[in-house]
Amino acid sequence: MRNERDAAPRERSDFVREMVREDLRDGKYHEVVTRFPPEPNGYLHIGHAKSVVLNFGVAEEFGGRCHLRFDDTNPETEEEEYAQSIMRDIRWLGYDWGEHLYHASDYFERFYGYAVELVEKGLAYVDSQSEEEIRESRGTVTEPGRDSPYRNRSVDENLDLLGRMRAGEFPNGAHVLRAKIDMSSPNMKMRDPLLYRIRNAAHYRTGDEWHIYPMYDFAHCLEDAIESVTHSLCTLEFENNRDIYDWVLENVSVPKPRPFQTEFARLSLTYTVMSKRKLLALVKNGRVSGWDDPRMPTLAGMRRRGFTPKAIRSFCEQVGVAKTNATVEVERLEHAVRDDLNTKAPRMMGVLRPLKLVVESWPADEVEWLDAPLWPHDVPKEGSRKLPFGRNLFIERDDFSKEPPPGFRRLSPGAEVRLRHAYIVRCTDVVEDEEGRILEVRAVHEPKSSSKSGKSGRKAKGTIHWVCADKSVEIPVRLYDRLFTEAYPEADPERSFEEYLNPASLETLAARCEPALGELTGGDHIQLERQGFFVADPVDAKDGFLVLNRTVPLRDSWARQSTKSEAGTRKETRQAESNDSKEKGVGGARRAKAPRKRAKDDSSRERAALSPQAATLRDEHGLGDEQARVLASRPELLRFFHAALGGGASPRSVARWVVNELAALAKDRGIEGLAFGPKDLGELARLVDEGVMNLRAARIVLEEMALRKESPLEVFQRLGLQGAVDETTLDSAVREVLEAFPEELARYRDGKKGLLGFFLGRLMEKLGKGADPKKTREVLGRHLDP
RNA sequence: UGGGGAGUCGUCUAACGGCAGGACAUCGGCCUUUGAAGCCGACUAUCCAGGUUCGAAUCCUGGCUCCCCAGCCA
């Protein structure tokens, strides 16, 4: 039943959803509760959007719910304004937490109760060392820490101190509450982590009620447990914190079933930075106009930039969820934006850098109002606007060239071009000033080529946009580009990311636009044909004032092509340099690449010679080098090997089972957790040696044996693995399989030999678990290549 | 050099011992009153080395590289 290839496309899945599905199936939970837990100390960015989409998405798909919970445990950085912006952004993205809005600060009293519980159990203590002493006695990653002199205070003293900390009797830093775990734990996070610190500061919600505030590691797991969260999804850097998460929940009385933490990779994007700290720095240093500057990767910025919630959501879904640290190319986001806007943004015309075009054949005082559709032929939407045409027009400076490069399909002396939605014109003259700057272009129009006359029989090789000079409106336009010049602005540890700010990330111009543009209101999306998608800035749109922000330019294969041919002469040199620059390039684009290549060289070294013990093992028992090496280095496997010997199987086969199969099984359960012993394994090896069962069947048997105490032969018989298949049944089975997959067969005969495995797989399925793969393959081979 | 994670086209991501697939990017072509969109095609990948297996991206062993952890931040 693996023929999903022809079935409906598999629903989008990832390791998180798979885990949730299993948990539900296994009855670990009966409902799914996730949460999005921002700290209100900054604005949400596209990285948070990934988490929002994941958490709300998973909850929705499994019929559960997702909580919005403010993780507001640090009074010094958090503000109501941030909380408001976060809620606004999540709603804008299209998600609704319903009644499930929570605050860690609402749980402060309960946290305190749990702290008291830990103290009473002797699992937490008040430490009165200075911050410095605590840091110093924590040890390093390679050296264990030392116990605090206050570690063994009595429960009563701890309780007393903790109560007075709460009451505000001490200055900041005088004491902390710590969990009593293990100062020599290899996991730094488990070296008596801090649970509470004194902060004599006003909290934006609880005011002066508290003088102690819980730390993340103490609070977060409790928040999840209190809310009956099932799947606590967080980013990879919290992997080390998972041990404390579990420790706390195992040691206090929280509702069951308790939540479990799972980590996934946070989102990084090229040409930007994504940490709140760095974004805050950009704001504070005035590098951008604020958190909602359209160049910022914040949701507020993207909204002003004209990105749509739908685009951001589908982008997040497309990049997927995994555990690999990865940086997504910003082009992917841009693609999602264009894809959405393509069917949502009506088309209009505006000239960014105007050049006067005089249609000499058109009467000076005559204006024709054309009817121009708002949508291209492939967007199934109705609607049009009135577009004035006259003698004096503006066209884009880039759309005229006195000496056109090859392939130029726009206006040039003597050449014809179509004016979008209007007439074909031919350039008759160019007016320049003394320095050769082009002042205006003159042309004549072809009256019979009007767009409204349908197929006029005339074709121009290109089409350009334009506006009527007298009837146009001037609108300020902001052209946004990437905020940084480097794909990985944080890659160089020697330099600040701010050194890579793109000086040209914002260009403001006064565009000449067709009259319909004047009707726009804040938040409206449009496409300026041939240029890009734009949005009427929703923040600056006040009192009838209008500014257009360029959301994203259109793809421009001409620009790509022309820069390429411009650089044509340099091409060879660049090619020659490319190896060199790849090695030392500043661009982090290659930063993961270079080391990878190096790895290849390093590991192709000869492997160290066999140890004396391994050599003895090999010679005494006739083992392979690899088998001997593994056995010699794993005492528990070696013991098992020796104990399994003597049952009649060849030492080499026994070694094979021990080294390959036993090692794998013992990985999760441990050798002691296995239901079989050395003798059983030896017997299995013998049965294979003697041809009673084939290797494939034996592996299935072994898996069963690991779970339940049962002899190899018993399992073998119980599962009906004796697959003595005679030639004729084999033959007809092969025929049937080949007939069932005619397409694959054709491709195989066409040279796609990899399909042999595909057929064999199907065959083995058909023949049952006991079938002998060698024999089956032989017969299959005869049919495939007669 | 302690512990915890991760390595699949340029980029992101699938394949749960059986056809290395998709998307973005790139490059061609078709179409075109947007050099857009759309359509068609091409290109390029399993970190390395051994081993097990009829068959390995997947299992075993070893190595390499990258990320995270020594805040009274989250």
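Reminder, nothing fancy here: chain letters follow the sequence lines and each chain counts from 1. Note: hydrogens, waters and symmetry copies are ignored here, and every other heavy atom, side chains too, is used. Because the structure is a prediction, the values reported are computed rather than measured.
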Notebook entry, point to check: Does A:Y748 have A:K753 sitting over its ring (NZ/CZ under 6.0 Å from centre, angle to axis within 45°)?
Noted result: yes
Checklist line | Pair partner, B:rA20 [Watson-Crick or wobble, under 3.5 Å] | finding: none
Next item on the list: Kindly point out which of B:rC19, B:rG3, B:rC12 is positioned nearest to the side chain of A:A326?
Entry: B:rC12
Note to self: Apply ring pair (Phe, Tyr, Trp, His ring centres under 6.0 Å) to residues A:Y488 and A:Y271 and explain how you reach the verdict.
What the structure shows: CA-CA 6 Å; A:Y488 297 86; A:Y271 296 100; 8.3 Å; no
Notebook entry, point to check: Should A:R199 be listed as having a side-chain N or O under 4.0 Å from OP1 or OP2 of B:rC73?
Noted result: yes
Next item on the list: Look at the side-chain N and O atoms of A:T776 and state whether any lies under 4.0 Å from the OP1 or OP2 oxygen of B:rC54.
Entry: no
Notebook entry, point to check: Whom does B:rG38 pair with, Watson-Crick or G-U wobble, provided both distances fall under 3.5 Å?
Noted result: B:rC30
Checklist line | Assigned partner base of B:rU65, Watson-Crick or wobble definition, under 3.5 Å | finding: B:rA6
Check: Which nucleotide, B:rC19, B:rA74, B:rG3, lies nearest any side-chain atom of A:P186?
Finding: B:rG3
Notebook entry, point to check: Does A:R338 make a side-chain N or O approach to OP1 or OP2 of B:rU34 shorter than 4.0 Å?
Noted result: no
Checklist line | Given B:rU11, B:rU32, B:rC60, the nucleotide with the shortest approach to the side chain of A:E329 | finding: B:rU11
Next item on the list: Identify, between A:T324 and A:P37, the residue whose nearest nucleotide on RNA chain B lies closer to the 5' end.
Entry: A:T324
Next item on the list: Could you tell me whether the phosphate oxygens of B:rC60, OP1 or OP2, come under 4.0 Å of any side-chain nitrogen or oxygen in A:K667?
Entry: yes
Check: Would you say B:rU26 has OP1 or OP2 under 4.0 Å from some side-chain N or O of A:R560?
Finding: yes
Check: Just to confirm, is there a sub-4.0 Å distance from OP1 or OP2 of B:rU61 to any side-chain nitrogen or oxygen of A:R656?
Finding: no
Check: Is any side-chain nitrogen or oxygen of A:R555 closer than 4.0 Å to OP1 or OP2 of B:rU26?
Finding: yes
Check: Can you check whether A:R197 has a side-chain N or O nearer than 4.0 Å to OP1 or OP2 of B:rC73?
Finding: yes
Checklist line | Along RNA chain B (nearest heavy atom to each residue), the more 5'-positioned of A:R135 and A:R410 | finding: A:R410
Checklist line | Distance test, side-chain N/O of A:H465 to OP1/OP2 of B:rU34, below 4.0 Å | finding: no
Notebook entry, point to check: Whom does B:rC59 pair with, Watson-Crick or G-U wobble, provided both distances fall under 3.5 Å?
Noted result: B:rG51
Next item on the list: Ignoring backbone atoms, test whether A:R530 places a side-chain nitrogen or oxygen under 4.0 Å from the OP1 or OP2 oxygen of B:rG35.
Entry: yes
Notebook entry, point to check: Please give, in whole Å, the distance from B:rG5 C1' to A:K323 NZ?
Noted result: 7 Å
Item checked: Base partner of B:rC73, which must satisfy Watson-Crick or wobble distances under 3.5 Å -> none
Check: Closer than 4.0 Å, any side-chain N/O of A:K189 to the OP1 or OP2 of B:rG3?
Finding: no
Note to self: Under 4.0 Å from OP1 or OP2 of B:rA36: is there any side-chain N or O of A:S557 that close?
What the structure shows: yes
Next item on the list: Flag as yes if A:F758 stacks onto the base of B:rG18 (centroids under 5.5 Å, planes under 30°), otherwise no.
Entry: no
